Amino acid sequence: MDGVLIKARDLNRSYRAAREQISVLHGLSLELRSGEAVAVIGPSGSGKSTLLNLLNGLLRPDSGQLQVFGRDQSELTDADWAELRRTRIATLFQDGNLIPTLTVARNIAFRTGLAGLQAHEGDALLEQLDIADTTHRYPDQLSGGQRQRAALACAFAMQPRLILADEPTGSLDQATAKRVSPLFFDAIRERNVGALIVTHNPELARSCDRILELREGALHPWDSAASL
Ligand SMILES: Nc1ncnc2c1ncn2[C@@H]1O[C@H](COP(=O)(O)OP(=O)(O)O)[C@@H](O)[C@H]1O
Ligand SMILES: [Mg+2]
């Protein structure tokens, strides 16, 4: 493989709602390589979450071409996508990342176990994120910001090749959000991970290699990073 993790050409996706068809993504193209972080910005409702869910196989495009890890999505079965999500693709959803009936420690053990790794992969991450004291708590015993950090620890502990993050710093105060950036950029540099990060956090966006704006169903280069 030539390091291209995602290659999308002319993707289209709409939703059927009541009597109308809502076209959300139309003619969207994207290329993401190993070791590259790309920020995606765009207003609420522009299709950012839809895009991430096309890239992790939870949604399928209506038309267009999509390759992940060099494989064409039309050839990937639901089981293939599930395998990719277990071992290679970590998605950080806006909420609902943690299993509510498991403690933080068991959430990490579960996630790493699926990827064939040991649970202690998460220990250093919990320290780094300053939530080592929450490992024996259940998700509903955490603050929003602690939950978000626990979800980050789970995602990174599985050592993914591709990280899809939906507002990973949305519930964090500025000081805590600052602790999160190194997680992404260390993984990207040291393990050659690729990351697509939906974010409104200017600092996180500016730290990425590129910023793309989702507008009118497609991605456009955002060339005024200074104005974020
Ligand atoms: N399951 C669904 N059924 C119908 N419409 C949907 C569904 N999911 C999302 N949409 C619509 O698609 C558009 C894009 O949604 P979304 O991808 O969640 O945007 P964003 O993440 O940028 O806020 C919105 O207009 C939303 O209302
Ligand atoms: Mg969204």
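Keep in mind that what you see is a predicted model, and the values were worked out from it rather than measured. Whatever order the structure lists them in is the order used to number ligands and atoms, beginning at 1. Along the sequence shown, residues are numbered consecutively beginning with 1.
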Is there any N or O on G47 that sits under 3.5 Å from an N or O of ligand 1?
-> yes
Does G42 have a heavy atom less than 4.0 Å from any atom of ligand 1?
-> no
Might you confirm whether atom CZ of F185 has over 12 heavy atoms from other residues, nucleotides or ligands at distances under 6.0 Å?
-> yes
Face-on cation placement of R88 at F69 ring, 6.0 Å and 45° thresholds | yes
Nearest protein heavy atom to atom 6 (C) of ligand 1, by residue and atom, and its distance?
-> Y15 CD1, 3.3 Å
Could you check T50 against Y15 for side chain to side chain donor-acceptor pair (under 3.5 Å), going step by step and ending with a plain yes or no?
-> CA-CA 10 Å; T50 301; Y15 292 105; 2.7 Å; yes
What do you think, any protein heavy atom under 4.0 angstrom from atom 27 (O) of ligand 1?
-> no
Could you walk me through whether K7 and D72 pass salt bridge (Lys or Arg N to Asp or Glu O under 4.0 Å), step by step?
-> CA-CA 9 Å; K7 200 171 193 169; D72 200 282; over 6 Å; no
N or O pair under 3.5 Å between K48 and ligand 1 | yes
From OG1 (T199) to CG (L204), nearest 0.5 Å | 4.5 Å
Q21 CD: over 12 foreign heavy atoms closer than 6.0 Å = yes
Table please: side-chain donor-acceptor pairs of residues 124-142 below 3.5 Å, with sequence neighbours left out.
| residue | atom | partner | partner atom | Å |
| --- | --- | --- | --- | --- |
| T134 | OG1 | I131 | O | 2.7 |
| R137 | NH1 | Q141 | O | 3.3 |
| Q141 | OE1 | Y138 | N | 2.9 |

Roughly how far apart are E203 CD and T169 OG1, rounded to 0.5 Å?
-> 9.5 Å
Can you list the atoms of ligand 1 that are under 4.0 Å from a heavy atom of P43?
-> 22 (O)
Under 4.0 Å, heavy atoms only, figure out whether ligand 1 is touched by the backbone of V24, its side chain, both or neither.
-> side chain
Protein-derived N, O or S atoms lying under 2.8 Å from the Mg ion (ligand 2), waters excluded | 1
Among all protein non-hydrogen atoms, which one is nearest to atom 18 (O) of ligand 1, and what is the separation to 0.1 Å?
-> S49 CB, 3.8 Å
Nearest non-hydrogen atom to atom 15 (O) of ligand 1 belongs to which of I41, T50, D166?
-> T50
Electrostatic pair R210:E31 at N-O distance under 4.0 angstrom | no
Has ligand 1 got any nitrogen or oxygen that is less than 3.5 angstrom from a nitrogen or oxygen of G45?
-> yes
Salt bridge present between E36 and R33 (N-O < 4.0 angstrom) = no
